[in-house]
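Notes for the one structure printed next.
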Amino acid sequence: MIRVQGVTDVGLVRKENQDAYAVMEGLDSGHTICVVCDGMGGAAGGKLASRIAVTTYLETLESVLKASMDPEQLREASSYAVSMANRAIRDAAGESPEYSGMGTTLVSAVIYQDGAVITNVGDSRAYHITGGEITRITRDHSLVQSMVERGDITAEEARRHPNRNLITRALGPDIDAECDGYICPLAAGDFLLLCSDGLVNTVTDPEILTEVLRGEGLEQSLERLMQIAKDHGAPDNVTAVLVQML
């Protein structure tokens with residue numbers, strides 16, 4: 001058994017919300033699917049790209065999921081759904097010059113009885129909260145992440161770096177959008193958090209941990225995280241999906 005809650009907000013600076021998210025429960029296969037996308041591109045391009053990605057990813061994955069799939073098969077199915085989402089975005093971009101170059105990040109979770117398969121492209125993230133600790137599952141596909149790994153800057157400096165929004169992988173611009181896949185065991189009492197960079201650039205990991213573990217319900221936890229993001233200026237759209245294992 002699980003509980004799931006999501007929230008998205010335009011933030012305090014942007015005029016349009018180019019983030020998108022969705023949760024699909026009650027599938028015949030027994031899985032729950034969560035996905036968060038952060039669109040990019042001028043005019044309405046980013047908004048369209050993120051919504052195409054969410055819709056195509058969910059529809060493709062739902063069509064191939066089977067109750068008998070093991071985690072590795074789920075990871076392959078999720079990767080296939082990502083590739084189909086990428087194709088759909090590129091097809092739409094090719095139909096109109098105003099959508100040329102549009103793209104989106106993607107982070108998703110396919111949740112089964114005692115774990116989840118996490119997939120990501122770009123810098124939207126997944127976190128695992130268990131035993132009073134928070135661990136980032138995904139690796140950002142971004143310029144500043146590469147700088148952190150080389151030792152050029154610290155993780156804290158990356159959060160404030162002027163080039164923190166430059167990503168090295170995305171659905172849409174890349175012909176073959178390579179995704180990363182992770183298998184995350186889950187136990188009763190654990191949480192999964194999927195979020196766009198609008199959250200992690202304004203709310204620290206310790207703050208996320210504190211607000212999730214404070215309890216009072218998933219909706220309240222997300223409301224508090226959103227308020228912290230706004231207290232810190234919320235210069236970008238902010239989206240988060242929080243999952244609790246029961």
Side-chain angles (χ1 to χ4, degrees), residues 1-14 16-27 30-39 47 50-51 53-55 57-58 62 104-120 123-138 184 186-246:
M1 293 286 292
I2 66 172
R3 292 194 184 104
V4 189
Q5 186 73 38
V7 64
T8 188
D9 193 282
V10 69
L12 301 179
V13 176
R14 299 291 177 88
E16 179 181 65
N17 192 345
Q18 295 192 339
D19 286 1
Y21 82 91
V23 175
M24 185 176 286
E25 300 181 86
L27 297 177
H31 302 95
T32 295
I33 309 171
C34 308
V35 59
V36 170
C37 292
D38 178 358
K47 183 176 181 178
S50 64
R51 280 150 183 76
V54 166
T55 300
Y57 177 84
L58 289 177
E62 183 184 15
T104 184
T105 69
L106 180 145
V107 63
S108 66
V110 182
I111 303 164
Y112 50 96
Q113 186 172 5
D114 55 0
V117 165
I118 308 296
T119 307
N120 80 299
D123 62 356
S124 292
R125 293 181 180 178
Y127 288 88
H128 182 203
I129 296 172
T130 184
E133 297 182 349
I134 183 170
T135 303
R136 194 208 312 180
I137 301 170
T138 52
C184 179
L186 296 171
D190 286 6
F191 294 88
L192 273 180
L193 175 71
L194 307 183
C195 59
S196 62
D197 68 334
L199 182 73
V200 298
N201 286 336
T202 51
V203 185
T204 65
D205 291 5
E207 286 173 327
I208 292 173
L209 179 64
T210 296
E211 299 307 330
V212 170
L213 293 184
R214 186 188 295 186
E216 302 175 10
L218 302 185
E219 184 175 359
Q220 290 75 15
S221 294
L222 291 174
E223 286 177 354
R224 292 193 298 267
L225 290 174
M226 187 67 71
Q227 188 57 54
I228 294 172
K230 290 183 176 180
D231 290 344
H232 292 168
D236 199 358
N237 309 148
V238 183
T239 302
V241 173
L242 186 59
V243 179
Q244 182 181 19
M245 303 297 290
L246 302 179

In sequence, state the C-alpha distance, the side-chain angles, and the governing distance for N120 and R125, and then conclude on side-chain contact (heavy atoms from CB on, under 4.5 Å). CA-CA 7 Å; N120 80 299; R125 293 181 180 178; over 6 Å; no
V23, L27, V4 screened by side chain to side chain contact (heavy atoms under 4.5 Å, CB included) with I33, the one that passes: L27
Hey, are T204 and E207 close enough side-chain-wise for a donor-acceptor pair under 3.5 Å? yes
Please check if the side chain of D236 supplies one atom and the backbone of D197 the other of a donor-acceptor pair under 3.5 Å. no
Closer than 3.5 angstrom, by distance alone: can the side chain of T202 be matched with the main-chain N or O of G198 as a donor-acceptor pair? yes
Does any N or O in the side chain of N237 come within less than 3.5 Å of the main-chain N or O of Q18, such that one atom is a donor and the other an acceptor? yes
With a 4.5 Å heavy-atom cut-off, do E16 and V10 have their side chains touching? no
Would you check if the side chain of E211 reaches a backbone N or O of I208 as a donor-acceptor pair within less than 3.5 Å? no
L242 vs V212 side-chain heavy atoms within contact, under 4.5 Å: yes
Correct closest heavy-atom pair for A22 and V54 would be CB-CG1, 3.5 Å
Pairwise distance CG(L194) to CG(L199) - rounded to 0.5 angstrom: 11.5 Å
Correct closest heavy-atom pair for C184 and I118 would be CB-CG1, 4.5 Å
Other residues, nucleotides and ligands only: do more than 12 of their heavy atoms fall within 6.0 Å of CZ on R136? yes
Any side-chain heavy-atom pair from V238 and T8 closer than 4.5 angstrom? no
I'd like to know if the side chain of T105 reaches the main chain of D38, judged simply by a donor and an acceptor atom lying under 3.5 Å from each other, with no hydrogens or angles considered. yes
Hey, is the main chain of G6 close enough, under 3.5 Å, to the side chain of Y21 for a donor-acceptor pair? yes
Once you round to the nearest 0.5 Å, how far does CG of N201 lie from NE2 of H232? 12.5 Å
Smallest separation among heavy atoms of E25 and T32, with atom names: CG-CG2, 3.7 Å
When every non-hydrogen atom of L12 is compared with those of G233, the smallest separation belongs to CB-O, 3.4 Å
Just wondering, do L106 and V35 contact through their side chains at under 4.5 Å, heavy atoms? yes
Would you compute the distance between atom CG of D9 and atom CD of Q227 and round it to the nearest 0.5 angstrom? 10.0 Å
Take L186 and Q113 through the test side-chain contact (heavy atoms from CB on, under 4.5 Å) and record every step on the way to the result. CA-CA 8 Å; L186 296 171; Q113 186 172 5; over 6 Å; no
Assess whether side-chain contact (heavy atoms from CB on, under 4.5 Å) is satisfied between C195 and T239, documenting all intermediate values. CA-CA 5 Å; C195 59; T239 302; over 6 Å; no
CD/E216: more than 12 non-hydrogen atoms of other groups inside 6.0 Å: yes
Side-chain contact, heavy-atom cut-off 4.5 Å: I111 with H31? no
D19 bridged to K47 by N-O distance under 4.0 Å: no
If you compare all heavy atoms of C34 against all heavy atoms of V243, which two are closest, and at what distance to 0.1 Å? SG-CG2, 3.9 Å
When you check the side-chain N and O atoms of T135 and Y127, is any donor under 3.5 Å from an acceptor? no
Below 4.5 Å, heavy atoms only, C-beta onward: do V117 and Y112 meet side chain to side chain? yes
Quick one, R3 and L246 - any side-chain contact, counting heavy atoms below 4.5 Å? yes
Keeping the roles fixed (side chain from S50, backbone from C37), state whether a donor-acceptor pair exists under 3.5 Å. no
Note, L218 side chain near F191 side chain (heavy atom, < 4.5 Å): yes
Tightest non-hydrogen contact, residues M24 and L58, listed as CE-CB, 3.8 Å
Kindly compute the distance separating CD1 (I129) from CD (E133), expressed to the nearest 0.5 Å. 11.0 Å
